[in-house]
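Structure, as structure tokens:
Hydrogens, waters and symmetry mates are skipped; everything else that's a heavy atom, side chains included, is used. Protein chains get the first letters and strands the later ones, always in sequence-line order, with residue 1 at the start of each.
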2 protein chains.
Amino acid sequence: MPNHRSGAGDPARTLRLLWRQPDETPRRGPRQGYSLDDIVTAAIELADTDGLDAVTMRAVAQAVGVAPMTLYTYVPGKAELLDLMLDASYARMPRPDRSGEPWRARVAALAEDNRKLFAAHPWAAEVGTGRPPLGPGLMAKYEYELRAFDGTGLDDVQRDAALTYVLDFVRAAARAAAEARLARRESAWSDEQWWAANAPLLARVLDAQRYPTAVRVGAAAGAAQNAAYSPEQAYEFGLARVLDGLGVLVDGA
Amino acid sequence: MPNHRSGAGDPARTLRLLWRQPDETPRRGPRQGYSLDDIVTAAIELADTDGLDAVTMRAVAQAVGVAPMTLYTYVPGKAELLDLMLDASYARMPRPDRSGEPWRARVAALAEDNRKLFAAHPWAAEVGTGRPPLGPGLMAKYEYELRAFDGTGLDDVQRDAALTYVLDFVRAAARAAAEARLARRESAWSDEQWWAANAPLLARVLDAQRYPTAVRVGAAAGAAQNAAYSPEQAYEFGLARVLDGLGVLVDGA
DNA sequence: CAGTACGTTGTACAATGTACGGAGTAATTC
DNA sequence: GAATTACTCCGTACATTGTACAACGTACTG
């Protein structure tokens, strides 16, 4: 399991699972003791509480209450399970009617909805979606989010590109936040310990002659963020820029 | 090795390695047969040609010509090796003088430089940098790239945020491109096969009554990109938006 | 009742990072 | 010079992962 990706395996089988289309041939043998949703729900709970790395086939199986290999009668493999987890999370997102608001507010809300998704399910930002799971959750999400650009005058191609742009931004911000969190948790060195251990060498090596701008700006940014990097502030700054950039496209330069 | 991250281990030791500061106590025993740069270079070559997943300690050791465990006398662990690879790649980036050009051209060039970095070293976009490798390469890069915002009137905090914004965008685009490439390579299903296998079910399930906008926009976008997703076009669209968004900040609304 | 396809599971394997300890070597110390 | 020490190099071993395979039991079909 080199990386966490999605969309391997027989695509038709995956699609049938996503849309919960059972095989039409009558099933012989014993009934399955659990449902696909049981598996997916257990996996999502595991990922929410302990992170994506905790989602091993053995752990999911134990959470459900079956032997590891039993999972393979519900799901072709781990990649498909990730697809199903992602699509289920998409399906559960709230989709209030915002047709009365101006487009800028709608797009900001779109970003916020996705930020909340990644806040509730940090693992969702990590799953690579080279080929996204074309399930009912993603379709409902796509349909809903495209509407945020109603009334902007963008054509269909621009509309898709604009949505992709916003979503990619939020996802990148969520990834950065997750990485920062992970670094803190896993390293066994707190930020203070880290700086205390590094300060002597850094002081010797980062002379302001050689890196004048970097030292000055880095100090100012570090002071403003109370850390070397603040995911929240990066998100806020970035979102304002994203909206401004789309504004130029929409309102004309 | 759950994920590819960087910055674990004793930070002071890592920093000494990054800046090539040898232990000051005189070394006893046999001299090392290779240099740290030999290890790092071999690892980078491996990653460039076969991807980050091919960078196993065993494979790097074989490329260098030593036993796997020998690497641990050069490097504390794999995480530190990734840090060193990343910093070395940063150090090798070109940094031409662009002080004569307007800021927009300089920022566009900055993005392009990073796009080329990720084109040459796709693995660099995958390495998580929760705590970035504070080595000479990153410092030189940071110093140089901050200069792209000279003359914009941004204060130091804004300048750092703007640079982070641009770099995160390029990195996200590179990741998306890498994911798309990986999906194609690993899945053993070509895009045509994938669509052929999925088309029947998709046609049944994606009715235009339920997903009117999605079906229409998806079709238009797919036709315009000759695929469900085009990393290049997403990059071009996004970069224009990034520059416009920064333009609003710089020139005032 | 016989046959067949399916659910469940124990065992097993390959790949990974790296801990551990042994063997050899060179600098330091007596 | 001899003993000690610290270091390089490396063979072995272990835990963890996804999942292939085959055995065994079960419920539906004929």
Side-chain angles (χ1 to χ4, degrees), chain A residues 1-10 13 22-36 38-39 43 46-47 50-83 85 127 186 188, chain B residues 1-10 13 22-36 38-39 43 46-47 50-85 127 186-188:
Chain A
M1 61 96 247
N3 241 338
H4 304 296
R5 66 177 160 274
S6 89
D10 176 355
R13 171 93 192 277
D23 279 335
E24 54 276 347
T25 61
R27 331 271 301 164
R28 261 188 255 199
R31 293 280 162 75
Q32 288 189 315
Y34 300 88
S35 74
L36 182 57
D38 292 335
I39 315 290
L46 248 175
D50 297 335
L52 197 53
D53 291 343
V55 181
T56 69
M57 296 304 266
R58 286 168 174 82
V60 174
Q62 185 162 34
V64 174
V66 295
M69 287 311 293
T70 302
L71 293 183
Y72 289 89
T73 65
Y74 294 83
V75 164
K78 192 183 180 182
E80 288 77 9
L81 180 54
L82 292 176
D83 277 349
M85 291 166 63
V127 180
E186 296 249 348
Chain B
M1 61 98 246
N3 240 339
H4 305 297
R5 66 177 160 275
S6 90
D10 177 356
R13 171 93 191 275
D23 280 335
E24 54 275 349
T25 60
R27 331 268 305 161
R28 264 187 251 200
R31 292 280 161 75
Q32 289 189 315
Y34 300 88
S35 73
L36 183 57
D38 292 335
I39 315 289
L46 248 174
D50 296 335
L52 198 53
D53 290 343
V55 182
T56 69
M57 296 304 266
R58 287 168 173 83
V60 174
Q62 184 162 33
V64 174
V66 296
M69 288 311 293
T70 302
L71 292 183
Y72 289 89
T73 64
Y74 293 82
V75 162
K78 193 182 178 181
E80 287 77 7
L81 180 56
L82 291 176
D83 276 349
L84 289 161
M85 292 167 62
V127 180
E186 295 248 349
S187 76

| said: Please classify the nucleic acid contact of A/Tyr74 as base, sugar-phosphate, or nothing, using heavy-atom distances under 4.0 Å. | reply: sugar-phosphate
Assign B/Val55 to base, sugar-phosphate, or nothing according to its heavy-atom contacts below 4.0 angstrom with the strands shown.
-> sugar-phosphate
Given atom [atom1] of [X] and atom [atom2] of [N], what is their separation to the nearest angstrom?
| X | N | atom1 | atom2 | answer |
| --- | --- | --- | --- | --- |
| A/Leu71 | C/dT9 | CG | P | 10 Å |
| B/Gln32 | D/dC10 | CD | P | 12 Å |
| B/Leu81 | C/dT16 | CG | C1' | 15 Å |

Partners meeting side chain to side chain contact (heavy atoms under 4.5 Å, CB included) with [X] (sequence neighbours left out):
| X | result |
| --- | --- |
| A/Ala67 | A/Thr70 |
| B/Tyr72 | B/Met57, B/Met69 |
| B/Gln32 | B/Thr73, B/Tyr74 |
| A/Arg58 | A/Thr56, A/Pro68 |

CG of A/Leu46 to CE of A/Met85, rounded to nearest 0.5 Å, is 8.0 Å
- Item | Point-to-point distance, once rounded to the nearest 0.5 Å, from CG of B/Leu81 to CD1 of B/Ile39 |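 If I round to the nearest 0.5 Å, the distance is 8.0 Å.
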Contact list (N/O, under 3.5 angstrom) for nucleotides 19-29 of chain C vs protein:
none

| field | Working for side-chain contact (heavy atoms from CB on, under 4.5 Å), residues A/Leu52 and A/Leu82 | value | CA-CA 10 Å; A/Leu52 197 53; A/Leu82 292 176; 3.9 Å; yes
Kindly say whether A/Ala47 contributes a backbone atom to a donor-acceptor pair with the side chain of A/Asp50 at under 3.5 angstrom? no
Ordered by number, residues from residues 56-68 of chain B within less than 4.0 Å of DNA chain C (heavy atoms) are B/Thr56, B/Met57, B/Arg58
Original post:
Quick one: is C/dT9 close enough that its OP1 or OP2 comes under 4.0 Å of any side-chain N or O from A/Thr70?
Top reply: yes
Check whether any side-chain N or O of A/Thr73 sits under 4.0 Å from OP1 or OP2 of C/dT8, and answer yes or no.
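Checking A/Thr73 against C/dT8: at least one side-chain N or O falls below 4.0 Å of OP1 or OP2.
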